[in-house]
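Okay, structure first, notes after.
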Amino acid sequence: MGAFLACGPRVWLRRAGLLLITAWTGFWVWFVSMVVLSEGPPSYPYGAAIGVPMLVVLLVAWRWRVAGGLLAIGAGIVAAWQFHGSSAILLLTLPPIVGGLLLLAGTRGSTRAGCPAASAAPARTQP
């Protein structure tokens, strides 16, 4: 457990950003899916217009951290422009912007040094 906690702060910033973007996308894709299923086929294009861009932001964030962070910030800005009110700001705007900023803050520096959870290969010791 000590080696796991030895990860640098940039790794934790990256993880927090990815977690926030993933939770934001997961909630809204679930919510839109439930609304679309309850309203029927005429609402499918509207659901896709909301859900697909969110999934793209999530996939890009997991694959390319800088581009994903910038896309998440852009998605938050677009959401602020499209949706108004305090609940829209809290639920649609702040999570992707904060997640994108965390992701960008954690992109510089080492990604695997001293952090076993970030590495796919187990650590090997010399005999």
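Hydrogens, waters and symmetry mates are skipped; everything else that's a heavy atom, side chains included, is used. For clarity, every value in this text was computed on a predicted model and none was experimentally measured.
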Show the atom names and distances, to 0.1 Å, of all donor-acceptor pairs under 3.5 Å that link a side chain in residues 31-57 to residues at least two apart or in another chain.
{"unit_1": "S33", "atom_1": "OG", "unit_2": "V29", "atom_2": "O", "d": "2.7"}
{"unit_1": "S38", "atom_1": "OG", "unit_2": "M34", "atom_2": "O", "d": "3.4"}
{"unit_1": "S38", "atom_1": "OG", "unit_2": "V35", "atom_2": "O", "d": "2.8"}
{"unit_1": "S43", "atom_1": "OG", "unit_2": "V36", "atom_2": "O", "d": "3.4"}
{"unit_1": "S43", "atom_1": "OG", "unit_2": "G40", "atom_2": "O", "d": "2.8"}

Which pairs of donor and acceptor atoms, one on a side chain in residues 62-77, lie under 3.5 Å apart (sequence neighbours left out)?
{"unit_1": "W62", "atom_1": "NE1", "unit_2": "T22", "atom_2": "OG1", "d": "3.0"}
{"unit_1": "R65", "atom_1": "NH1", "unit_2": "W62", "atom_2": "O", "d": "2.5"}

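Applying the side chain to side chain donor-acceptor pair (under 3.5 Å) definition to pairs two or more places apart or across chains, none involves residues 73-94.
There is a path of hydrophobic side-chain contacts, each under 4.5 Å, that joins F83 to W24.
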L91 and W28: side-chain contact (heavy atoms from CB on, under 4.5 Å), yes or no, with the steps? CA-CA 9 Å; L91 295 173; W28 283 109; 3.7 Å; yes
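Legend: residues meeting side-chain contact (heavy atoms from CB on, under 4.5 Å) with L94, ordered by chain and number and at least two apart, are I89, L90.
Residues V11 and R14 form a side-chain contact, since some pair of their non-hydrogen atoms from C-beta on lies under 4.5 Å apart.
Hydrophobic cluster of L102: the remaining members, joined at side-chain heavy-atom separations below 4.5 Å, are L13, L20, V98, listed by chain and number.
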